[in-house]
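FYI, the numbering just counts along the sequence from 1. These values consider heavy atoms only, across backbone and side chains, with no hydrogens, waters or symmetry-generated copies.
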Amino acid sequence: MKLYIQQKVFSFQDQFAIKDVNGNPVYYGKGEFFSLGKRLHIYDSTGKEVCLIAQELFRFMPTYSIQISGFPQMTISKKVTFFVPHYQLSGMNWEIEGDFLAHDYQIQSAAGEVASLSKEWLSWGDAYELNVFNSADVLPALAIVLTIDAVMASN
């Protein structure tokens, strides 16, 4: 399943639509303007919240917890590195590898590739193509991509 994420350029809070190949909105993302730490809510096309990404406060490196359908799913932490960013994923047996600065990376499991992300460079605002190979992995993969984007944007 291919999803396209287009973030709005001039906004006081993070707002964006996640669309399918035909341009139909599948999910919506909305950040909280007044909150301690960054919080991002993902809603399905009916307006029901399906995912919450929340920054954990008082951590040495940026750490985010991810809830899917109200249940804790995983934690993503940025690792201490000097030149190239790396991320550690806890709660799932997935690895994240690739070029984070270029927004070109893959999510891997022991069984193979779960998802891949690539950035569209010639677009107004940030635009990404997320290719998820199993429909059951769409929300966790989307949450990982959005979390990494939030960490990269805050740097």
Side-chain angles (χ1 to χ4, degrees), residues 1-9 11 13-32 37-45 49-56 61-69 72-155:
M1 170 180 227
K2 286 188 179 183
L3 295 174
Y4 298 90
I5 306 162
Q6 176 74 45
Q7 291 184 313
K8 293 184 180 177
V9 178
S11 174
Q13 49 184 326
D14 296 300
Q15 295 185 47
F16 51 90
I18 297 114
K19 299 178 181 180
D20 63 12
V21 175
N22 299 320
N24 301 317
V26 180
Y27 298 105
Y28 298 93
K30 187 172 185 178
E32 291 184 17
K38 193 166 185 91
R39 295 174 63 89
L40 187 63
H41 301 269
I42 306 299
Y43 302 94
D44 65 11
S45 59
E49 183 178 83
V50 293
C51 182
L52 171 65
I53 303 167
Q55 182 179 15
E56 295 182 5
M61 294 300 290
T63 301
Y64 290 79
S65 61
I66 297 171
Q67 295 180 10
I68 295 179
S69 299
Q73 188 79 23
M74 66 188 106
T75 302
I76 299 176
S77 301
K78 185 175 181 185
K79 295 167 93 178
V80 178
T81 57
F82 290 105
F83 300 110
V84 181
H86 292 286
Y87 297 88
Q88 179 178 350
L89 183 62
S90 303
M92 298 188 79
N93 293 326
W94 290 359
E95 303 262 333
I96 310 164
E97 43 190 58
D99 187 350
F100 298 104
L101 295 174
H103 298 279
D104 186 19
Y105 54 90
Q106 300 78 37
I107 302 170
Q108 304 279 340
S109 72
E113 190 172 9
V114 175
S116 64
L117 178 84
S118 59
K119 183 171 184 174
E120 296 180 15
W121 290 100
L122 299 175
S123 65
W124 182 251
D126 290 334
Y128 307 99
E129 179 183 279
L130 175 63
N131 190 9
V132 184
F133 301 104
N134 183 346
S135 61
D137 297 329
V138 168
L139 278 175
L142 179 61
I144 290 169
V145 166
L146 295 176
T147 303
I148 290 173
D149 185 58
V151 173
M152 299 293 287
S154 67
N155 287 340

For this session: Determine, step by step, whether K79 and Y87 satisfy the side-chain contact (heavy atoms from CB on, under 4.5 Å) criterion, reporting the C-alpha distance in whole Å, the side-chain angles of both residues, the deciding distance to 0.1 Å, and the verdict.
Result: CA-CA 5 Å; K79 295 167 93 178; Y87 297 88; over 6 Å; no
For this session: Applying side-chain contact (heavy atoms from CB on, under 4.5 Å), run through L89 and M74 and close with a yes or a no.
Result: CA-CA 7 Å; L89 183 62; M74 66 188 106; 3.4 Å; yes
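Listed by chain and residue number, R59 satisfy the salt bridge (charged side-chain N to carboxylate O under 4.0 Å, His left out) test with E56 (two or more places apart in sequence, or in another chain). Contacts of A143 classified as side chain to side chain contact (heavy atoms under 4.5 Å, CB included), with partners at least two apart in sequence or in another chain: C51, I53, I66. Applying the side chain to side chain donor-acceptor pair (under 3.5 Å) test to Y4 and every residue at least two apart in sequence or in another chain returns E129. The side chain to side chain contact (heavy atoms under 4.5 Å, CB included) test applied to N22 returns D20, N24, not counting sequence neighbours. Partners of D44 according to the side chain to side chain donor-acceptor pair (under 3.5 Å) rule, which considers only residues two or more places apart in sequence or in another chain, are T46. In this structure, the ring-ring contact (aromatic ring centres under 6.0 Å, His included) partners of Y105, at least two apart in sequence or on a different chain, are F100. With sequence neighbours left out, H41 forms a side chain to side chain donor-acceptor pair (under 3.5 Å) with E32, E49. The side chain to side chain donor-acceptor pair (under 3.5 Å) check on T63 picks up S77, with sequence neighbours excluded. For S90, the side chain to side chain contact (heavy atoms under 4.5 Å, CB included) test picks out T75, Q88, with sequence neighbours left out. Remark: S69 engages no residue in a side chain to side chain contact (heavy atoms under 4.5 Å, CB included) (not counting sequence neighbours).
In this structure, I42 and G29 approach most closely via the heavy-atom pair CD1-CA, 3.9 Å. The two residues W94 and S109 come nearest to each other via the heavy atoms CD1-CB, 3.6 Å. Among all heavy-atom pairs drawn from A136 and P140, the shortest one is O-CD, 4.1 Å. The two residues M1 and V138 come nearest to each other via the heavy atoms SD-CG2, 3.6 Å.
In this structure, the side chain of Q55 engages the main chain of K38 through a donor-acceptor pair within 3.5 Å.
The shortest side-chain heavy-atom distance between K78 and I148 does not fall under the 4.5 Å cut-off. Counting heavy atoms from C-beta outward, L146 and L40 have side chains that approach closer than 4.5 Å. The shortest distance between side-chain heavy atoms of I5 and Y27 does not fall below 4.5 Å. Contact annotation: the side chain of Q73 never approaches that of Q67 to less than 4.5 Å [non-hydrogen atoms, C-beta and beyond].
Of the options I107, D137, L117, a side-chain contact (heavy atoms from CB on, under 4.5 Å) to V132 is made by D137 and by none of the others. Each of T147, L130, I68, V50 was checked for a side-chain contact (heavy atoms from CB on, under 4.5 Å) with L142, and the lone residue meeting it is L130.
Atom-to-atom distance recorded for L3:CG and N131:CG is 8.5 Å, nearest 0.5 angstrom. Atoms CD and CD, on E97 and Q106 in that order, are 6.5 Å from each other to the nearest 0.5 Å. Of the inter-residue distances, the one linking R39 atom CZ with S65 atom OG reads 8.0 Å to the nearest 0.5 angstrom.
Counting non-hydrogen atoms of other residues, nucleotides and ligands closer than 6.0 Å to CD of E95 gives a total of 12 or fewer.
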